[in-house]
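Comments concern the structure below.
Note that ligands are numbered from 1 as they come in the structure, with each ligand's atoms numbered from 1 the same way. Note that this is a predicted model, so its numbers are computed, not measured.
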Amino acid sequence: MIFGENKLVIAIFIGGFAGIMCGWLFGPKMLAIAWIGDLFLDALKMMIIPLIVGAVISGVTSLGDIRKLGKVGGITLLYYASTTACAVLIGLIMVNVIQPGDGINYQTEAISESISNRDNINLTELVRSLISPNIISAASNTQLLPIIVFCLLFGAALTTLGKNKTTIINFFDALNEAMMKLVMWIMVFAPLGIFCLVAGQFGKVGGGTAIKSELIAVGSYFFTVILGLTCHFLLLFIILIIFSKRGREYLFKLLRALLTAFGTASSSATLPLTMKCALEAGIDKRSVKFVLPIGATINMDGTALYESVAVMFIAQTYGISMGMEQQVIIFITATLAAIGAAGIPQAGLVTMLIVLNAVNLPAEGIGLILAVDWLLDRFRTTVNVWGDSVGVAIVETYLPTETASRNG
Ligand code: ASP
């Protein structure tokens, strides 16, 4: 490694901060360097499919047999479901207390066709997205959920094959380790990549003056989401301290991944780094390989929290009051919408239609929050990645001990 771990964290932090400052001050001029950020992002994305295939298959096989997989899987899902539910609850409490949409008379922006055309999205579609008839085309479109389901099943099948399985399992172990080496190399470019990504995005929206006027228009909504995300981040930290073997230093170890999540606004693109950081923090490899790829795809606490606040804000702005029953519907659908959101920039904006439809609010309401969404996206993605990172530390404590030696 060219940088030590601490130096890299500091360098990434400086990169992100300098990116914000330059994008704020120089505005659209920074678009000239945005391509360097995209290059870094592409390098991370390039890793996702081989990394997930190698990690999930070798993670599942390292758990031993299918019964153990069931137990660890159950704990993982319980963690995801309960923390996501907490996140939505925090969002609902915040938005009810602060009432950010009251008295706001803000012009809605036109929403793009890619969002408005998605109003047929529903629960059946969500469940169907678990299985793809063509695993190759799913991979080429970076649809991670069907890939993960396939790898889980494939890995589970391998565990039933007895001795013949060793060669193929070694293959996937090696694939996983080679991908981790690649991540280490790519990580060296993170400070520059994040600087260019952040500066480019701030520049794209017009720099400081434009951002300031957007923030003033929906400042109370922005503040509500940020406050909710901060509370949830701290709650996860407390959960980490109480239920895992990890202490405060774990947060520091994960900082590189969290800063990258902020820089890329994509939990999938951050996944390689999250895995690397968790491994370097000493988390059991089986937990890292099994929990993180699934978490990056379905566990999105930040997104769930933001969706509940956004939908309530839209209702408040339209002057529509949401009773207890409506809020229970928001609670359930925001949780599902977050599960359905892909780990890519602004995916939550699209799945929010599920929530809006469920409580009969117009899809155009999204136009109210569009202007600041790119910025909120970065904060909620950071919380999404933190949620996965805490999950991996908790599941680790429930792993069976007898197969710990086969830990490739
Ligand atoms: N950008 C988020 C992520 O990748 C998803 C979203 O909330 O839009 O985790």
Side-chain angles (χ1 to χ4, degrees), residues 16 37-38 40-42 44-45 47-49 51-52 80 83-84 87-88 90-91 111-112 114-115 118 121 126 129 141-145 148 194 197-198 201 221-222 224-226 228-229 232-233 236 254 257-275 291-311 313 330 333-356 366 369-392:
D38 291 338
F40 172 67
L41 196 59
D42 287 346
L44 288 176
K45 287 184 184 164
M47 318 268 303
I48 297 174
I49 297 291
L51 185 77
I52 285 187
Y80 291 160
T83 48
T84 306
V88 183
I90 291 176
I111 55 173
S112 71
S114 62
I115 296 175
R118 290 293 304 270
I121 193 168
L126 252 183
S129 69
N141 293 316
T142 333
Q143 292 169 343
L144 302 185
L145 221 44
I148 290 178
I194 287 174
L197 272 175
V198 173
Q201 178 65 57
Y221 158 71
F222 188 85
T224 311
V225 177
I226 295 291
L229 290 175
H232 190 68
F233 193 98
L236 288 170
L254 262 293
L258 298 179
L259 292 169
T260 306
F262 184 84
T264 60
S266 166
S267 15
S268 299
T270 311
L271 175 67
L273 260 93
T274 319
M275 292 179 73
V291 179
L292 282 180
I294 305 177
T297 318
I298 64 169
N299 182 43
M300 305 223 176
D301 296 359
T303 303
L305 187 149
Y306 137 87
E307 296 208 1
S308 65
V309 175
V311 169
F313 170 74
I330 293 180
T333 48
T335 307
L336 294 171
I339 294 172
I344 55 172
Q346 300 199 312
L349 200 63
V350 179
T351 60
M352 196 192 295
L353 285 166
I354 300 179
V355 192
L356 287 172
I366 288 184
I369 54 167
L370 213 53
V372 289
D373 197 69
W374 64 274
L375 189 53
L376 282 179
D377 192 14
R378 289 161 191 271
F379 289 100
R380 64 183 189 252
T381 307
T382 309
V383 173
N384 289 345
V385 170
W386 178 231
D388 300 337
S389 313
V390 172
V392 81

- [ ] Flag the pair Val291 / Tyr80 as yes when at least one side-chain heavy-atom distance between them is below 4.5 Å, and no otherwise.
- [x] yes
TODO: For the residue pair Trp386 and Phe233, categorise the inter-ring angle as parallel (less than 30°), tilted (30 to 60°) or perpendicular (more than 60°).
DONE: parallel
Task: Atoms of ligand 1, numbered as shown, that sit under 4.0 Å from any heavy atom of Gln346 - done: 1 (N), 8 (O)
Open item on the list: Among Val309, Val372, Leu375, which residue satisfies the side chain to side chain contact (heavy atoms under 4.5 Å, CB included) criterion with Val225?
Closed with: Val309
- [ ] With heavy atoms under 4.0 Å as the rule, classify the contact between Arg380 and ligand 1 as side chain, backbone, both or neither.
- [x] side chain
Open item on the list: Against ligand 1, does Ala342 come closer than 4.0 Å with any heavy atom?
Closed with: yes
- [ ] Give a yes/no verdict on whether any heavy atom in Ser266 is under 4.0 Å from an atom of ligand 1.
- [x] yes
Do [X] and [Y] have side-chain atoms, one donor and one acceptor, less than 3.5 Å apart?
| X | Y | value |
| --- | --- | --- |
| Asp373 | Tyr306 | yes |
| Thr260 | Thr270 | no |
| Ser267 | Asp388 | no |
| Glu307 | Thr351 | yes |

Any N or O of [X] that comes nearer than 3.5 Å to an N or O of ligand 1?
| X | value |
| --- | --- |
| Gly348 | yes |
| Ala265 | yes |
| Thr303 | yes |
| Ile344 | yes |

- [ ] To the nearest 0.5 Å, tell me how far Gln201 CD sits from Thr264 OG1.
- [x] 11.5 Å
Give me the nearest non-hydrogen protein atom to [atom] as residue plus atom name, then the distance to 0.1 Å.
| atom | result |
| --- | --- |
| atom 3 (C) of ligand 1 | Ser267 OG, 3.1 Å |
| atom 2 (C) of ligand 1 | Thr381 OG1, 3.3 Å |
| atom 1 (N) of ligand 1 | Asp377 OD1, 2.7 Å |

